[in-house]
Amino acid sequence: MLILDLNNLCAMDTEAIVIRIKTPSGDMDSSVDCPSLLNFNDLLVAIRDVMPEATVTAFEYEDEVGDRITVRSDEELKAMLSYYYNTMSEQRMNGMLPDPLQIFPRAGKTPGIRNIHGLKVNTRPNPANDCSHAVPDSMANNRSVHLCCVPSPSLKKSSAELKRILTNGQINAQDINYQEQLGHGNGGTVYKAYHLLGKRVLAVKVIPLDITVELQKQIMSELEILYKCDSPYIITFFSAFFVENRISICTEFMDGGSLDVYKIIPEHVLGRIAVAVVKGLTYLWSLKILHRDVKPSNMLVNTRGQVKLCDFGVSTQLVNSIAKTYVGTNAYMAPERISGEQYGIHADVWSVGISFMELALGMFPYPQIQKNQGSLMPLQLLQCIVDEDPPVFPVGEFSEKFVHFITQCMRRQPKERPAPNNLMEHAFIVQFNDGNAEVVSMWVCRCLEERRSQQGHV
Ligand code: ATP
Ligand code: MG
């Protein structure tokens with residue numbers, strides 16, 4: 001008899017997952033924003049899109065001892081998701097990044113004519129499909145809503161083709177028209193640029209790296225995972241290429257820039273930003289990627305009210321090569337990282353806490369740490385983060401929910417910080433998880449306007 005864990009089914013409403021379709025020609029990862037709306041047929045159509053040559057009638061997943069369990073109906077699909085959510089929360093409780101949900105398509109014996117009506121699941125990432133917004137019952141049967149994001153066409157490229165694109169650059173250096181400098185960080189310089197062929201504005205981060213060609217190749221192959229990142233809360237990656245000893249990383253341009261240049265952010269705006277940041281991180285964690293550099297300058301906003309994360313550490317080689325040039329410790333790092341211990345998801349959660357505390361106060365929460373020259377500091381200066389109790393908010397200035405959220409994220413013991421499920425379910429996040437991008441949009445526009453008029457008066 002099937003007993004479904006109702007708590008886990010509730011988690012399905014809020015948490016995106018990654019389904020890895022295991023095919024003979026390789027793995028295919030798909031992000032599903034709203035697993036509770038997923039049904040068996042939609043998933044089957046998605047599998048058939050990926051494996052048009054096979055007659056897939058069902059699929060299997062593996063239980064904890066490796067036995068294969070077949071899924072042929074909506075009910076069995078729900079049981080699989082419930083099982084998966086249990087596994088995921090156990091992995092997270094142990095500070096591990098959850099594995100994607102692996103499914104193994106099962107082909108029927110007789111080939112037949114399939115999909116004769118040419119039905120397609122929505123295969124393009126589309127903000128309108130962001131299932132964080134309440135989906136009215138009347139839409140619950142709408143095919144495009146069920147599977148929010150199945151493999152994008154780029155995922156269908158073979159690994160060799162991807163490598164070629166990455167090595168040569170889908171975007172060539174000579175097709176980029178550099179405009180103003182957007183900022184300069186510890187690793188490199190970011191420019192606003194125009195891609196002449198693609199006719200779009202880009203942000204190009206240029207990082208000088210004196211490394212061998214072997215290491216360059218390794219970085220390129222590590223960056224391949226960026227093609228798989230497909231979330232409205234993660235900056236879109238277009239291409240990366242080396243010219244001589246510089247790597248250029250081309251991403252989507254965000255016209256509101258990063259949050260570090262905004263002054264105090266009011267709580268009703270900060271709440272919506274926090275929802276996007278938590279969703280972006282939950283997505284990365286579901287891909288087994290730790291961000292490793294959560295801080296206000298890596299949270300970008302635009303005038304449409306979107307909030308996206310950038311600069312997460314997908315390439316160990318890139319991170320190591322930059323670290324060799326720029327020595328110092330990041331002030332947003334969790335105490336366990338500062339002291340050189342092992343760390344996991346919980347370390348990203350600490351960085352969320354300290355970042356949002358700074359954004360609410362308009363200053364770095366440890367008054368003894370002054371960040372005049374970016375976020376890298378000598379290790380000794382950051383020792384107070386390891387030794388002292390975490391900072392507290394001034395009494396009465398912020399809501400109880402917000403104060404509780406920050407306090408929980410900044411618990412000194414990593415395991416006492418909220419796990420991803422708990423983050424999404426925290427009252428502060430729930431309160432602002434209303435999909436109201438208008439609030440952020442209006443605030444960004446107003447701040448940009450103020451900045452422009454101040455510049456005009458200088
Ligand atoms: P670090 O090097 O430690 O990450 P940082 O985040 O401040 O520090 P960069 O990542 O080099 O430095 O970014 C510099 C600045 O460029 C950012 O602070 C931000 O204002 C701007 N920027 C980066 N990416 C984009 C983007 N995609 N769209 C718009 N502005 C961006
Ligand atoms: Mg950055």
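Predicted, not measured: the structure shown is a model, and the values here were computed from it. Whatever order the structure lists them in is the order used to number ligands and atoms, beginning at 1. Just so you know, residue 1 is the first one in the sequence shown, and it goes up from there.
Within a 6.0 Å sphere centred on CD of Glu416, other residues, nucleotides and ligands contribute more than 12 heavy atoms. By the neighbour-count criterion of 12 heavy atoms within 6.0 Å, atom CD of Gln342 is sparsely surrounded, having that number or fewer from other residues, nucleotides or ligands. With a 6.0 Å radius and a threshold of 12 heavy atoms from other residues, nucleotides or ligands, Met442 has its CE atom at or below the threshold.
No side-chain N or O of Glu388 forms a donor-acceptor pair with one of Tyr366 less than 3.5 Å apart. Side-chain atoms of Asn433 and Lys279 form a donor-acceptor pair, as typed in the model, at a separation below 3.5 Å.
Among pairs with a residue in residues 262-277, those fulfilling salt bridge (charged side-chain N to carboxylate O under 4.0 Å, His left out) read Arg272-Asp434, at least two apart in sequence or across chains.
Residue Val190 has no N or O atom closer than 3.5 Å to an N or O atom of ligand 1. Checking only distances, His184 never comes within under 3.5 Å of ligand 1, N or O to N or O. The distance criterion of under 3.5 Å between nitrogen or oxygen atoms is met by Asn186 with respect to ligand 1.
Taking a cut-off of under 4.0 Å to the non-hydrogen atoms of Gly187, the atoms of ligand 1 that pass are 2 (O). When each atom of ligand 1 is checked for a heavy atom of Thr251 under 4.0 Å away, the hits are 27 (N). Below 4.0 Å from some heavy atom of Phe253 lie the following atoms of ligand 1, by number and element: 28 (N), 29 (C).
Under the side-chain contact (heavy atoms from CB on, under 4.5 Å) test applied with Ser321, the options Ile247, Thr316, Ile219 reduce to a single match, Ile219.
In this structure, Tyr343 and Pro414 have side chains that are not in contact, with every pair of non-hydrogen atoms separated by 4.5 Å or more.
In this structure, atom 12 (O) of ligand 1 lies nearest to the protein heavy atom Gly185 CA, 3.1 Å. Given atom 29 (C) of ligand 1, the protein heavy atom at minimum distance is Met254 O, 3.2 Å. Atom 7 (O) of ligand 1 has its closest protein heavy atom at Ser297 OG, 3.3 Å. Atom 27 (N) of ligand 1 has its closest protein heavy atom at Glu252 O, 2.9 Å. Looking only at protein heavy atoms, the nearest one to atom 26 (C) of ligand 1 is Ala203 CB, 3.5 Å. The protein non-hydrogen atom at the shortest distance from atom 4 (O) of ligand 1 is Lys295 NZ, 3.5 Å. Atom 21 (C) of ligand 1 has Leu182 CB, 4.1 Å as its closest protein atom, hydrogens excluded (heavy atom only). Summary of contacts: the protein heavy atom closest to atom 31 (C) of ligand 1 is Leu300 CD2, 3.9 Å.
Excluding waters, the set of protein N/O/S atoms under 2.8 Å from the Mg ion (ligand 2) reads Asn298 OD1, Asp311 OD2.
Evaluation of the side chain to side chain donor-acceptor pair (under 3.5 Å) rule for Ser441 yields no partner, not counting sequence neighbours. For the side-chain contact (heavy atoms from CB on, under 4.5 Å) test, residues two or more places apart in sequence or in another chain that qualify with Arg451 are Val261, Tyr262, Leu448.
Under 4.0 Å from ligand 1, the heavy atoms of Asn298 that appear belong solely to its side chain. Of all the heavy atoms of Asp293, the ones lying under 4.0 Å from any atom of ligand 1 belong exclusively to the side chain.
Ring geometry for His426 versus His404: interplanar angle under 30°, hence parallel rather than tilted (30 to 60°).
The backbone N or O of Asn330 sits nowhere less than 3.5 Å from a side-chain atom of Arg337 that would complete a donor-acceptor pair.
Taking the centre of each ring, Tyr194 and Phe253 stay at or above the 6.0 Å mark.
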After noting the C-alpha distance and the side-chain angles of Ile265 and Trp443, does the key distance pass the side-chain contact (heavy atoms from CB on, under 4.5 Å) rule?
CA-CA 9 Å; Ile265 305 180; Trp443 169 79; 3.6 Å; yes
Between Ile354 and Phe364, does a side-chain contact (heavy atoms from CB on, under 4.5 Å) hold up when you go through it step by step?
CA-CA 8 Å; Ile354 189 164; Phe364 195 67; 3.6 Å; yes
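Nearest to atom 17 (C) of ligand 1 by heavy atom, out of Ser258, Gly188, Gly183, is Ser258.
Taking a 4.0 Å cut-off on heavy atoms, Cys310 fails to register as neighbouring ligand 1.
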